[in-house]
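Whatever order the structure lists them in is the order used to number ligands and atoms, beginning at 1. Just so you know, these numbers use all the heavy atoms, side chains as well, and skip hydrogens, waters and symmetry mates. Just so you know, these numbers come straight off a predicted model, no measurement behind them.
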Amino acid sequence: MEEILRTEDVKRAFPVAGGDFWALKGISIVVPKPSLTILKGRSGSGKTTLLNIIGALDAPTSGKVIFDGKDISDASDKERELLRRQEIGFIFQSVALIPVMTAYENVEFALRLAGYNGDYKARVMECLKLVGLSKRASHMPQELSGGEQQRVAIARAIAHKPKIIFADEPTGELDSATSLQVISIFKDLIEKEGITFVMTTHDPKLMGYGDMVYEILDGEVISTTNNMNGGEN
Ligand SMILES: Nc1ncnc2c1ncn2[C@@H]1O[C@H](COP(=O)(O)OP(=O)(O)O)[C@@H](O)[C@H]1O
Ligand SMILES: [Mg+2]
């Protein structure tokens, strides 16, 4: 099993009145490449805190984050920013498309921000096709359903060919059928583009779709399920 990312005993403390609150108490996980890796757990368990750290938005208080073979635990803000811009994509629960731009323009804008080297038009259309929205390229966000908007957000996140995408509760505002559609698009992209997805969720119905599932409770991993290669651990 190849890996794209691992953490070693990652801890994160937040200063609060009267001392520190330890949101992560020593997390060691491996994210296989490519895979759909799920961080599950109820609200307040530490999923977003962990996602922000492995997504290079935040740094651990202690412990290591190894991304693509490189220790990024002590990376500077600038190094983190570069990493995010070039190698990482993000998808959030609230879709946050730019409302005055079409689906096409939203994806193209992301390519510009990333300084993508290549044919913008071809890549935008390729990404919209990958999420099944070729025919919606000229639609504005408000002309799209919630699920379609989330698919534009996926197209936008994958456009600059990141190695990994972090998705924080990407199905949190979608109904069950639409949630499954999003998961199946992730699966498709894992197969076709070799991208790895790490997503958080508290929806028990989605667990079976993860190649690797880590259950988090009170800042600790309390169970690991490896569904790759017939489920060997
Ligand atoms: N900036 C912060 N300051 C203080 N406490 C925080 C901060 N961010 C998160 N927490 C706390 O850390 C715990 C985990 O939060 P979070 O990672 O958002 O959980 P989840 O995403 O699983 O719902 C919660 O108890 C939350 O209140
Ligand atoms: Mg969260």
Side-chain angles (χ1 to χ4, degrees), residues 4-31 35-67 72-77 80-81 83-84 88-97 146-147 149-150 153-154 156-157 162 164-176 178-180 182-183 185-186 196-225:
I4 177 89
L5 188 136
R6 71 162 57 227
T7 67
E8 292 171 9
D9 202 25
V10 159
K11 299 182 184 173
R12 179 66 165 101
F14 292 113
V16 288
D20 283 336
F21 174 77
W22 290 87
L24 300 178
K25 297 172 182 160
I27 301 265
S28 301
I29 62 168
V30 174
V31 177
S35 69
L36 172 59
T37 294
I38 293 182
L39 307 176
K40 76 163 181 172
R42 65 179 186 222
S43 175
S45 52
K47 304 182 298 295
T48 296
T49 303
L50 178 58
L51 203 73
N52 288 345
I53 288 174
I54 59 183
L57 287 163
D58 185 25
T61 305
S62 69
K64 281 189 177 167
V65 181
I66 315 289
F67 179 82
I72 61 160
S73 325
D74 300 317
S76 67
D77 287 352
R80 268 175 219 291
E81 196 201 313
L83 190 65
R84 289 199 303 272
I88 292 175
F90 291 96
I91 299 168
F92 301 99
Q93 175 173 354
S94 309
V95 176
L97 297 177
Q149 289 182 37
Q150 192 56 296
I154 296 168
R156 182 176 64 177
I164 191 165
I165 304 247
F166 297 98
D168 200 4
E169 309 259 358
T171 62
E173 288 174 8
L174 305 175
D175 60 49
S176 304
T178 314
S179 296
L180 288 182
V182 165
I183 298 282
I185 289 170
F186 286 175
T196 293
F197 286 86
V198 182
M199 68 173 272
T200 65
T201 184
H202 57 257
D203 184 350
K205 290 193 292 296
L206 302 181
M207 303 314 159
Y209 297 92
D211 298 308
M212 195 74 149
V213 182
Y214 294 101
E215 183 175 6
I216 317 265
L217 181 68
D218 292 337
E220 291 178 290
V221 174
I222 57 164
S223 80
T224 302
T225 310

Got a second to check how far I72's CD1 is from K64's NZ, nearest 0.5 Å? 13.0 Å
When distances are taken from atom 18 (O) of ligand 1, the protein heavy atom at minimum range is T48 CB, 3.7 Å
Is a side-chain N or O of K47 found less than 3.5 angstrom from the main chain of G41, in a donor-acceptor match? yes
Residue S43 vicinity, atoms of ligand 1 by number, heavy atom under 4.0 Å: 23 (O)
Give a yes or no on whether the backbone of V30 and the side-chain of Y214 come within a donor-acceptor separation of less than 3.5 Å. yes
Any protein heavy atom under 4.0 Å from atom 24 (C) of ligand 1? yes
If you scan protein heavy atoms around atom 11 (C) of ligand 1, the nearest is F21 CE2, 3.7 Å
Check whether any heavy atom of R42 sits under 4.0 Å from an atom of ligand 1. yes
2.8 Å cut-off met by an N, O or S atom of T48 to the Mg ion (ligand 2): yes
Hey, does the side chain of R84 reach the backbone of G55 with a donor-acceptor pair shorter than 3.5 angstrom? no
Indicate whether the side chain of S28 and that of D9 have a donor and an acceptor atom separated by less than 3.5 Å. no
Donor-acceptor pair, T200 side chain versus E169 backbone, under 3.5 Å? yes
Check whether any N or O atom of F14, backbone or side chain, sits under 3.5 Å from an N or O atom of ligand 1, and answer yes or no. no
Please check if the side chain of D211 supplies one atom and the backbone of L36 the other of a donor-acceptor pair under 3.5 Å. yes
Please check if any side-chain donor atom of T178 sits under 3.5 Å from a side-chain acceptor atom of D175, or the reverse. yes
Is the centre of the F186 ring less than 6.0 Å from the centre of the F197 ring? yes
Heavy-atom proximity to atom 19 (O) of ligand 1, picking from G46, G41, A13, points to G46
Using a strict 4.0 Å cut-off to heavy atoms of A23, name the atoms of ligand 1 that fall inside it. 12 (O)
Looking at ligand 1, is there an atom of it that comes within less than 4.0 Å of some heavy atom belonging to G44? yes
Under 4.0 Å and counting heavy atoms only, is there anything from the protein next to atom 27 (O) of ligand 1? no
If you measure from atom 16 (P) of ligand 1 to every heavy atom of T49, V16, L217, which option wins on shortest distance? T49
Interfacing atoms of ligand 1 (cut-off 4.0 Å, heavy-atom, S45): 19 (O), 20 (P), 22 (O)
